[in-house]
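The structure appears right after this line, and notes come after that.
What you see below is based on every heavy atom in this structure, not just the backbone, and it leaves out hydrogens, waters and symmetry mates.
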Amino acid sequence: MSYHEERIDKIARQLQIDEKLIEDSITLARLMRDRAYVPYSHFPVGAVLAGDNGQLYGGCNVENSSFGLTNCAERTALFRAVAEGCKSFQLLVLTTVRKEAVTPCGACRQVLTEFAKELPVLYVNDDGERVWMDLTVLFPQAFALLDSNEKKEKSD
């Protein structure tokens, strides 16, 4: 096992995320990327949120000629999950056509922190290289109207 693979394995163990869940998420993220509608940027993104319920929720970016109406893959996956009744998550997996890691945009970071402030984020390129990130590091001072206890009370 290479140093990189050992590091990934250590992070996954610390997060208590099953390797099969990670692999299934990567496979679905790549499928979602292939389904992206990107006639303007030509930059397809696939995202998968792994719910605490064990389900995977995939999303892709969907562009629009009115650019402000474009929806990112991360938010597509999140909106799908919430629509299907899941509001707590253990992992976000992203993949694009780039070799270098990409991170969620600011809007996606804000929306994701509404549900999972400390969400682990895994970027995987087509060579299988993995880069682990954490939403707390990517977005340390997210805006919130309610603290997490108030959110829980209002959603129950």
Side-chain angles (χ1 to χ4, degrees), residues 4 7-8 11-12 14-15 17 21-53 55-148 150-152 154-155:
H4 187 67
R7 185 168 168 252
I8 290 167
I11 292 169
Q14 286 174 336
L15 297 172
I17 299 172
L21 178 72
I22 294 170
E23 290 298 327
D24 290 349
S25 297
I26 292 169
T27 299
L28 182 56
R30 288 180 173 146
L31 174 65
M32 293 292 100
R33 180 192 63 197
D34 293 344
R35 292 181 179 171
Y37 178 72
V38 291
Y40 307 104
S41 72
H42 306 287
F43 188 71
V45 179
V48 170
L49 272 167
D52 283 345
N53 61 4
Q55 296 296 310
L56 301 180
Y57 303 94
C60 61
N61 49 332
V62 180
E63 295 181 347
N64 188 278
S65 58
S66 175
F67 294 131
L69 299 178
T70 292
N71 204 57
C72 298
E74 299 92 315
R75 284 181 283 147
T76 301
L78 179 68
F79 299 158
R80 171 183 272 173
V82 171
E84 292 184 24
C86 183
K87 296 179 186 167
S88 59
F89 307 98
Q90 58 181 311
L91 175 67
L92 171 66
V93 174
L94 296 173
T95 187
T96 70
V97 293
R98 284 182 44 184
K99 185 170 180 68
E100 303 83 19
V102 297
T103 62
C105 73
C108 288
R109 293 176 194 194
Q110 178 64 51
V111 172
L112 288 164
T113 60
E114 183 78 15
F115 296 91
K117 273 188 174 177
E118 298 178 4
L119 184 68
V121 179
L122 174 61
Y123 176 78
V124 182
N125 67 20
D126 283 341
D127 294 331
E129 296 172 326
R130 299 177 181 187
V131 176
W132 284 94
M133 300 169 255
D134 183 293
L135 198 54
T136 309
V137 174
L138 293 173
F139 203 55
Q141 305 240 338
F143 175 78
L145 287 175
L146 302 174
D147 69 27
S148 35
E150 290 174 307
K151 282 185 207 171
K152 183 166 177 21
K154 294 194 182 279
S155 68

message: Could you work out, with side-chain hydrogen bond (donor to acceptor under 3.5 Å, both in side chains) as the rule, every residue matching Gln110, not counting sequence neighbours?
response: none
query: Which residue pairs satisfy the side-chain hydrogen bond (donor to acceptor under 3.5 Å, both in side chains) criterion with at least one member in residues 38-51, sequence neighbours excluded?
result: Ser41-Glu63
statement: Applying salt bridge (Lys or Arg N to Asp or Glu O under 4.0 Å) to Glu100 and not counting sequence neighbours gives Arg98
- prompt: With sequence neighbours excluded, what pairs up with Asn71 under the side-chain contact (heavy atoms from CB on, under 4.5 Å) test?
  reply: Arg75, Thr76, Phe79
query: Mind checking what makes side-chain hydrogen bond (donor to acceptor under 3.5 Å, both in side chains) contact with Thr136, not counting sequence neighbours?
result: Asp134
field: Set of salt bridge (Lys or Arg N to Asp or Glu O under 4.0 Å) partners for Asp52, sequence neighbours left out
entry: none
- request: Could you pull out all residues at least two apart from Asn53 that satisfy side-chain contact (heavy atoms from CB on, under 4.5 Å)?
  value: Gln55, Tyr57, Cys86
Modelled atom types, side-chain donor and acceptor of Thr96 and Tyr123, under 3.5 Å: yes
- prompt: Who are the side-chain contact (heavy atoms from CB on, under 4.5 Å) partners of Ser66, not counting sequence neighbours?
  reply: Asn64, Leu69
message: Quick check against the 3.5 Å criterion: does Asp127 have a side-chain atom that pairs as donor or acceptor with the backbone of Lys99?
response: no
- prompt: Hey, are the side chains of Thr95 and Val48 touching, using non-hydrogen atoms and a 4.5 Å cut-off?
  reply: no
query: So which pairs with a foot in residues 25-42 pass salt bridge (charged side-chain N to carboxylate O under 4.0 Å, His left out), sequence neighbours left out?
result: Arg30-Asp126, Arg33-Asp126
- request: Quick one: list whatever passes side-chain contact (heavy atoms from CB on, under 4.5 Å) with Val82, sequence neighbours left out.
  value: Leu78, Lys87, Phe115
field: With sequence neighbours excluded, residues passing salt bridge (Lys or Arg N to Asp or Glu O under 4.0 Å) with Glu84
entry: none
